[in-house]
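See structure below.
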Amino acid sequence: MKFIIKLHPEITIKSRSVRQRMCKLLQGNIRNVLSPLDENVKIRSDWDKLIVRSNVEEHRQGVIDSLACIPGIQSYLEVQEHQVATLDDILTHTEQAFGSLLAGKTFCVRAKRRGQQIFSSLDVERYVGGGLNQRCDTAGVKLKNPDVQVNLELDGERLYLVTQQYPGLGGYPIATQESVLSLMSGGYDSGVSSYQFIKRGSRVHYCFFNLGGEEHEAGVREVVYYLWKKYGSSHRVKFISVPFEGVVGEILEKVDNGYMGVILKRMMMRAGAVVAERLAINSLVTGEAMGQVSSQTVTNLNVIDRVTDMLIMRPLVAYDKQDIIDIARRIGTAPYAEKMPEYCGVISKSPTIKAKLGRVAEEEDNFDFSVLDAAIEAAVVDDIRKLEEKWQLPEVEFSQGSDEAGEVIIDIRSPEEEEETPLAVPGHKVVVMPFFKLSSQFTELDPNKTYLLYCDRGVMSRLQAIHLKEQGFDNVKVYKP
């Protein structure tokens with residue numbers, strides 16, 4: 001099987017040297033992606049196209065699907081190749097390939113030429129079209145909107161009969177642009193923004209800030225691996241997980257309620273910049289869209305950006321949410337975003353939409369930056385290929401609470417939530433312990449009792465129960481009123 005790879009138009013308008021470099025990279029990227037299907041795949045580079053040859057017919061559909069997801073390809077043609085010298089040779093091969101498809105149908109012939117021939121493209125179209133009309137039982141030639149369009153390309157003495165045409169991804173080949181570090185939450189936005197940079201030719205590395213749950217990280221690892229495997233597997237990249245529970249706890253204890261969201265984002269940008277510098281990366285990518293939430297107003301984004309000199313790029317800044325969801329569905333990340341557990345730990349009751357830089361500095365003066373430094377140092381860097389292995393998360397039990405069974409309810413909500421609506425369970429003692437203190441204070445509790453974790457939505461309690469079980473505590477369940 002053979003394919004003609006058509007270059008993305010932006011590649012074709014580059015200078016000769018840039019175009020050659022991009023074509024060489026695309027050639028290598030295609031080989032890296034197709035090698036698992038055919039280790040002997042052949043790829044030849046011409047000035048305006050690439051020719052891909054494979055002899056492993058059983059993997060034909062896999063090759064077709066893979067080519068559709070490689071950045072830099074505008075379209076690709078599945079072709080039959082023949083050596084020809086005359087117009088009659090062209091007609092003979094075209095009849096053999098398309099004759100049976102033309103019975104009772106209108107058709108036209110479209111030809112493209114490259115190299116030296118004694119005839120023009122119009123000569124080919126007229127000769128082959130007339131010959132097919134005479135030799136095959138057609139409904140006649142129709143130049144506009146025919147039932148069948150016969151496409152052929154000539155390159156010197158080579159004839160390529162196009163049996164199928166497929167759309168490509170477009171964009172630039174990966175590694176033609178500089179690498180970026182994408183801050184991944186696993187939702188619609190971060191997945192789409194990462195895809196945009198893969199398509200634009202960047203090697204996209206991924207950084208996840210774990211705000212308190214192994215289940216959340218497992219979900220993020222899953223969508224990151226999907227994105228890389230489908231669109232970016234020609235190059236190896238890194239996945240970095242930064243434990244941010246302590247940072248969240250410090251913010252909840254030390255920062256004014258209205259400024260929590262902005263300062264949390266600033267802490268993420270600080271940490272992301274350090275991680276990026278260690279990987280020799282010069283820019284961060286986020287999925288933020290203007291006005292989508294309170295921290296994403298123009299004023300707040302400006303305040304967030306001032307925390308670092310590193311470039312922060314937001315490809316979705318002017319997108320509507322529905323536009324983002326539509327792209328996520330098209331590229332295949334929506335199913336992961338839909339099931340991503342929602343984090344309900346850092347919620348400002350009255351978040352500011354116009355944070356003042358001076359006030360932010362005052363709030364951050366109360367923050368213990370050694371906590372942030374510790375989180376950065378504890379970051380775990382994994383090769384993207386390791387993410388293929390599924391995390392086996394512990395099962396979590398639910399309980400309605402029983403004094404006789406020695407079960408104690410722990411309200412793990414943030415102090416503001418707990419004070420606003422205290423949890424009252426008749427005949428049952430409730431211990432208040434914010435989720436960000438669980439890791440440090442749970443060991444002080446009586447190990448002979450079973451502890452039921454509670455939060456309003458049941459999300460944080462489940463995440464924290466999994467987190468504690470991962471640490472070896474089996475005496476923990478989720479309280480279900």
Side-chain angles (χ1 to χ4, degrees), residues 1-12 19-46 48-79 81 163-180 182 191-192 194-206 221-239 327 330-333 336 382-389:
M1 55 185 168
K2 298 180 180 67
F3 298 89
I4 295 178
I5 307 298
K6 300 291 187 179
L7 306 176
H8 179 57
E10 287 189 54
I11 299 174
T12 64
R19 180 170 176 169
Q20 288 177 335
R21 181 177 68 86
M22 287 189 170
C23 286
K24 185 176 182 180
L25 284 169
L26 178 57
Q27 187 176 359
N29 293 351
I30 294 173
R31 180 173 286 105
N32 289 343
V33 173
L34 297 187
S35 290
L37 299 174
D38 180 4
E39 61 182 11
N40 297 313
V41 63
K42 306 297 183 185
I43 306 170
R44 189 180 86 243
S45 178
D46 286 343
D48 62 343
K49 62 182 177 292
L50 301 177
I51 308 296
V52 176
R53 292 181 173 84
S54 173
N55 295 321
V56 186
E57 288 293 334
E58 61 266 29
H59 289 153
R60 172 179 171 273
Q61 191 58 49
V63 171
I64 292 171
D65 294 341
S66 296
L67 289 173
C69 298
I70 298 176
I73 299 176
Q74 183 67 12
S75 63
Y76 53 106
L77 314 175
E78 189 171 10
V79 300
E81 182 181 347
T163 58
Q164 193 64 261
Q165 181 169 341
Y166 305 93
L169 195 63
Y172 287 140
I174 293 179
T176 58
Q177 309 303 313
E178 294 178 69
S179 298
V180 299
S182 179
V192 172
S194 299
Y195 162 80
Q196 299 281 44
F197 273 87
I198 294 174
K199 180 180 175 182
R200 199 59 184 167
S202 290
R203 291 176 65 179
V204 178
H205 302 262
Y206 303 89
R221 291 166 71 95
E222 196 174 12
V223 68
V224 163
Y225 183 79
Y226 167 83
L227 269 172
W228 171 78
K229 186 68 175 177
K230 190 168 183 67
Y231 300 106
S233 61
S234 59
H235 289 75
R236 298 178 186 177
V237 296
K238 302 294 185 183
F239 176 80
I327 296 174
R330 175 167 58 81
I331 66 177
T333 58
Y336 300 95
D382 279 328
D383 186 301
I384 193 79
R385 293 169 298 176
K386 291 184 179 180
L387 273 58
E388 183 177 14
E389 302 173 5

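Sequential numbering from 1 along the given sequence is applied to the chain's residues.
Residues forming a ring pair (Phe, Tyr, Trp, His ring centres under 6.0 Å) with Tyr195 (at least two apart in sequence, or on another chain): Tyr231. Remark: Ser202 pairs with no residue by the side-chain hydrogen bond (donor to acceptor under 3.5 Å, both in side chains) rule, at least two apart or across chains. Among residues two or more places apart in sequence or in another chain, the side chain to side chain contact (heavy atoms under 4.5 Å, CB included) test is passed with Lys49 by Ile4, Asp46, Ile51, Arg114, Asp155. Shown here are the side chain to side chain contact (heavy atoms under 4.5 Å, CB included) partners of Glu178, two or more places apart in sequence or in another chain: Asn282. Under the ring pair (Phe, Tyr, Trp, His ring centres under 6.0 Å) criterion, Phe239 pairs with no residue at all, not counting sequence neighbours. The salt bridge (charged side-chain N to carboxylate O under 4.0 Å, His left out) test applied to Arg19 returns no partner, not counting sequence neighbours. Evaluation of the side chain to side chain contact (heavy atoms under 4.5 Å, CB included) rule for Ser35 yields Arg31 as partners, not counting sequence neighbours. For the salt bridge (charged side-chain N to carboxylate O under 4.0 Å, His left out) test, residues two or more places apart in sequence or in another chain that qualify with Lys6 are Glu153. Contacts of Tyr225 classified as ring pair (Phe, Tyr, Trp, His ring centres under 6.0 Å), with partners at least two apart in sequence or in another chain: Trp228. Here Gln74 pairs with His8, Pro9 under the side chain to side chain contact (heavy atoms under 4.5 Å, CB included) rule; sequence neighbours left out. Annotation: ring pair (Phe, Tyr, Trp, His ring centres under 6.0 Å) contacts of Tyr76 (sequence neighbours excluded): Tyr166.
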- Message: Apply side-chain contact (heavy atoms from CB on, under 4.5 Å) to residues Tyr206 and Leu227 and explain how you reach the verdict.
- Response: CA-CA 11 Å; Tyr206 303 89; Leu227 269 172; 4.1 Å; yes
- Candidate pair His205 and Ser179, rule side-chain contact (heavy atoms from CB on, under 4.5 Å), full reasoning: CA-CA 7 Å; His205 302 262; Ser179 298; 4.2 Å; yes
- Message: Assess the residue pair Glu81 and Arg53 against the criterion (salt bridge (charged side-chain N to carboxylate O under 4.0 Å, His left out)); give the C-alpha distance rounded to whole Å, side-chain angles, the decisive distance to 0.1 Å, and a yes or no.
- Response: CA-CA 10 Å; Glu81 182 181 347; Arg53 292 181 173 84; 2.6 Å; yes
- Report the C-alpha distance between Asn29 and His235 in whole Å, list the side-chain angles of each, state the deciding distance to 0.1 Å, and finish with yes or no for side-chain contact (heavy atoms from CB on, under 4.5 Å). CA-CA 8 Å; Asn29 293 351; His235 289 75; 2.8 Å; yes
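In this structure, Leu26 CG and Thr176 OG1 are separated by 9.5 Å, a value rounded to the nearest 0.5 Å. One distance of note links CD of Gln27 with CD1 of Ile43; it measures 6.0 Å at 0.5 Å rounding. The structure places CG of Leu169 at 9.5 Å from CD1 of Ile331, a figure rounded to the nearest 0.5 Å. With rounding to the nearest 0.5 Å, the separation of CD in Gln196 from CD1 in Ile327 is 5.0 Å. With rounding to the nearest 0.5 angstrom, the OG atom of Ser75 is 9.5 Å from the CG atom of Leu7. Between the NZ atom of Lys199 and the CD1 atom of Ile70 there is a distance of 15.0 Å, given to the nearest 0.5 Å.
Ile30 is listed as a side-chain neighbour of Val52, based on a closest heavy-atom distance under 4.5 Å.
Between Ile198 and Pro71 the shortest heavy-atom distance is O-CG, 3.6 Å.
Annotation: salt bridge (charged side-chain N to carboxylate O under 4.0 Å, His left out) contacts involving residues 54-66, sequence neighbours excluded, comprise Arg60-Glu78.
Using a 3.5 Å distance cut-off with no hydrogens or angles, the side chains of Tyr172 and Glu10 do pair a donor with an acceptor.
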